[in-house]
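Some notes on the structure that comes next.
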Number of protein chains: 2
Amino acid sequence: MTAEDEKRFQAKIRAIQDTMFVIGGKWKIPVILSIYCGNRRFNDILASIPRITNRVLSKELKHLEENLLISRTVVSEYPVRIEYALTEYCLSIDKIAKPMEEWGIDHKKRLVNKVKFRQNEYPDCRQLH
Amino acid sequence: MTAEDEKRFQAKIRAIQDTMFVIGGKWKIPVILSIYCGNRRFNDILASIPRITNRVLSKELKHLEENLLISRTVVSEYPVRIEYALTEYCLSIDKIAKPMEEWGIDHKKRLVNKVKFRQNEYPDCRQLH
DNA sequence: CGGGATCCACAATGATACTG
DNA sequence: CAGTATCATTGTGGATCCCG
């Protein structure tokens, strides 16, 4: 393995880690999908995702905003509202979400006989409207 | 949003979370790439990934083996060796790794002016050989 | 309503030592 | 060599309260 190969691999790892940093974790995809589904206000999003707390949601929204995936708009009416929306750019994550979804489905079939498959079961999401 | 849409979204979220559970986290991609690069023995892999500890590596290897991405073979010569290798199936993660890599690279360009981009800087990987 | 501040429990990780 | 065991530390998230 040459030094150039090394560099390529390092770059690859970093890029993948970057992606995971942005959309990885327990709540980012649910938050994005919640907004995608029509929830625009903090408490609506909060209510739509079972078991999430306001502190965590707050952090996640900030993170997603910093990464340009969502926008935060102060609507200055009375009373003042705050609205979240997906950015155009956010739709680009479908490029990764799709393959991940497909792989996840395939993988589950492969492990159908195993018990210890997933630790953090994603909760029922019945309130997504 | 109908009840069926709801179910579809729940399934989508779960599938993506499943994928992240399997290949997400700090070390799984580095471990896979290390083996891909030719490291087959525990201590070689350990030495090739900066800052990983044997305890964590041990867990990661077990996790990857349970998920059929790597194989663990006891070579009964004298002295006994243990060899890790990628499975054929493991190569299928390229379907996700590629899009993630590309997205990560694009995303970084977009955030070139932001400082707080990535928290856990992946270490220099100079010992990957 | 949209969060921030604080406190606390538990999980994840590191360091070090040890074993078959 | 290929890990496990133990302990200390850190981090992460939940629960709760509070505030403009």
Side-chain angles (χ1 to χ4, degrees), chain A residues 17 20-31 34-35 38-66 70-85 116 118-125 127, chain B residues 13 17 20-31 34-35 38-66 70-85 116 118-124 127:
Chain A
Q17 310 272 46
M20 286 199 295
F21 174 65
V22 176
I23 62 151
K26 193 173 179 182
W27 301 111
K28 280 163 200 109
I29 299 288
V31 169
S34 173
I35 299 176
N39 297 304
R40 318 187 117 246
R41 305 182 64 177
F42 188 87
N43 282 314
D44 291 341
I45 301 169
L46 187 67
S48 75
I49 304 175
R51 288 195 255 287
I52 199 170
T53 64
N54 58 355
R55 193 172 77 110
V56 173
L57 177 58
S58 175
K59 270 201 331 189
E60 296 294 60
L61 287 169
K62 202 164 291 173
H63 174 99
L64 292 172
E65 193 194 351
E66 280 174 357
I70 64 174
S71 63
R72 180 182 186 275
T73 312
V74 181
V75 182
S76 42
E77 296 172 352
Y78 302 95
V80 172
R81 273 177 308 148
I82 292 174
E83 292 199 342
Y84 292 95
K116 290 178 55 186
R118 188 177 359 95
Q119 278 176 344
N120 298 314
E121 184 94 26
Y122 186 75
D124 289 335
C125 215
Q127 287 125 320
Chain B
I13 291 174
Q17 310 271 49
M20 287 201 292
F21 173 66
V22 176
I23 63 151
K26 194 172 178 181
W27 301 111
K28 278 160 201 111
I29 298 287
V31 169
S34 173
I35 299 176
N39 296 303
R40 319 187 115 245
R41 305 183 64 176
F42 188 88
N43 282 316
D44 291 342
I45 300 169
L46 187 67
S48 75
I49 304 175
R51 289 195 254 287
I52 200 171
T53 63
N54 55 357
R55 196 171 74 108
V56 173
L57 177 58
S58 175
K59 268 201 333 191
E60 297 294 59
L61 288 170
K62 205 164 291 177
H63 173 100
L64 293 172
E65 194 194 350
E66 279 174 358
I70 64 173
S71 62
R72 181 183 185 276
T73 311
V74 181
V75 181
S76 42
E77 295 174 353
Y78 300 97
V80 172
R81 273 176 308 150
I82 290 172
E83 293 200 344
Y84 292 95
K116 288 178 56 186
R118 184 171 9 91
Q119 279 179 343
N120 297 315
E121 183 94 29
Y122 185 73
D124 289 334
Q127 288 126 322

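Excluded from the calculations below are hydrogen atoms, water molecules and symmetry mates; all remaining heavy atoms, backbone and side chain alike, are included. All values reported here derive from a predicted model rather than from experimental measurement. Convention: sequence-line order gives letters A, B, ...; per-chain numbering from 1.
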Val56(A) has its side chain closest, among dG3(D), dG14(C), dG13(D), to dG13(D)
Exercise. Examine dT13(C): is either OP1 or OP2 under 4.0 Å from a nitrogen or oxygen in the side chain of Lys59(B)? Give yes or no.
Key: yes
Taking only side-chain N and O atoms of Lys62(B), does any of them lie within less than 4.0 angstrom of OP1 or OP2 on dG3(D)? no
From CG of Leu57(A) across to C1' of dG14(D) the rounded distance in Å is 14 Å
Arg55(A) meets the side chain to side chain donor-acceptor pair (under 3.5 Å) criterion, sequence neighbours left out, with none
Here the distance between atom C1' of dT13(C) and atom CD1 of Ile49(B), to the nearest Å, is 16 Å
When rounded to whole Å, the CG to P distance for the pair Asn39(A) and dG2(C) reads 12 Å
Rounded to whole Å, the CG-C1' distance (Asp44(B) to dC1(D)) equals 10 Å
Could you walk me through whether Met20(A) and Met20(B) pass the side chain to side chain contact (heavy atoms under 4.5 Å, CB included) check? CA-CA 8 Å; Met20(A) 286 199 295; Met20(B) 287 201 292; 5.6 Å; no
Handout entry: Donor-acceptor pair, side chain of Asp44(B) and main chain of Asn39(B), under 3.5 angstrom
Key = no
Closest heavy-atom pair, Glu60(B) versus Val31(B), reported as atoms and distance to 0.1 Å, is CB-CG2, 4.4 Å
To the nearest angstrom, the CZ-C1' distance between Phe21(A) and dT12(D) comes to 14 Å
Winner on side-chain proximity to Lys26(B), out of dC1(D), dG14(D), dG14(C), is dG14(C)
Check your understanding: Side-chain contact, heavy-atom cut-off 4.5 Å: Tyr84(B) with Arg40(B)?
Key -> no
Among the nucleotides dG3(D), dG2(C), dC1(D), whichever has the atom closest to the side chain of Phe42(A) is dG2(C)
Rounded to whole Å, the CD1-P distance (Ile52(A) to dG3(C)) equals 13 Å
Check whether any side-chain N or O of Tyr84(A) sits under 4.0 Å from OP1 or OP2 of dC1(C), and answer yes or no.
-> no
Give me the ring orientation class for Phe21(B) and His63(B): parallel if the planes are under 30° apart, tilted from 30 to 60°, perpendicular past 60°. perpendicular
ask   = Side chain of Lys28(B), backbone of Gly24(B): donor and acceptor closer than 3.5 Å?
value = yes
note: Arg81(A), atom CZ; dG2(C), atom C1'; distance rounded to Å ~ 13 Å
When rounded to whole Å, the CZ to P distance for the pair Arg72(A) and dC1(C) reads 16 Å
Whether each nucleotide of nucleotides 15-20 of chain D has a protein heavy atom under 4.0 Å at its base (B), only at its sugar-phosphate (S) or at neither (-) is summarised, 5' to 3', as BBB---
